[in-house]
Amino acid sequence: MQNQVAIAMCNRVGKEGDVAFAGQSVVVDPYGNVVSETDDHEQLIITDIDLTQTAAARKQRPFLKLRRPEWYA
């Protein structure tokens, strides 16, 4: 939400050795709203995202102007 871009986050499901993967993949819009999500089963998400929302979100909430790059390590 702070970068105001759509994000698609993927996570594995199932078990591999001693490691269990929870799934819960998600697509989020530039406002931080969940557009689409999965559960703990293997799935394919096909979701339309509105790329014009990026400019609108940045205009409504100008978070990028608050950056302090001089503090970056």
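Since the model is a prediction, treat every value here as computed from it, not as a measurement.
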>> Please report the interatomic distance CG(N3) to CG(L64), rounded to the nearest 0.5 Å.
In response: 6.5 Å

> Which heavy atom in S36 sits nearest to a heavy atom in T47, and how many Å separate them?
Replying inline: CB-OG1, 3.2 Å

>> How long is the straight-line distance from CZ of F63 back to CZ of R58, given to the nearest 0.5 Å?
In response: 12.0 Å

> How many angstroms lie between CG in D29 and OG1 in T54, if you round to the nearest 0.5 Å?
Replying inline: 9.0 Å

>> Hydrophobic cluster membership, with links at side-chain heavy-atom distances under 4.5 Å among I/L/V/M/F/W/Y: are V5 and L51 in one?
In response: no

>> Check this for me: D39, atom CG, are more than 12 non-hydrogen atoms of other residues, nucleotides or ligands nearer than 6.0 Å?
In response: yes

> For the atom pair CD (Q53) and CD (Q60), what is the distance rounded to the nearest 0.5 Å?
Replying inline: 9.5 Å

> Looking only at atom types and distance, does a side-chain atom of S25 sit under 3.5 Å from a main-chain N or O of N11, one as donor and one as acceptor?
Replying inline: yes

>> So, applying side chain to side chain contact (heavy atoms under 4.5 Å, CB included) with V35, which one of V27, I7, D48 is it?
In response: V27

>> If I compare all heavy atoms of Y31 with all of A57, which pair ends up nearest, and what's the gap?
In response: OH-N, 3.5 Å

> Is the side chain of Q43 donor-acceptor paired with the backbone N or O of T38 at a distance under 3.5 Å, no angle test?
Replying inline: no

>> Applying side chain to side chain contact (heavy atoms under 4.5 Å, CB included), can you list everything that pairs with E42, at least two apart in sequence or on another chain?
In response: V13

> How close do A6 and P30 get, heavy atom to heavy atom, and via which atoms?
Replying inline: N-CG, 3.9 Å

> Transitively linked via ILVMFWY side-chain contacts under 4.5 Å: I45 with V28?
Replying inline: no

> Does atom CG of D50 have more than 12 heavy-atom neighbours, drawn from other residues, nucleotides or ligands, at distances under 6.0 Å?
Replying inline: yes

> How long is the gap from CD on Q24 to CZ on R12, to the nearest 0.5 Å?
Replying inline: 15.5 Å

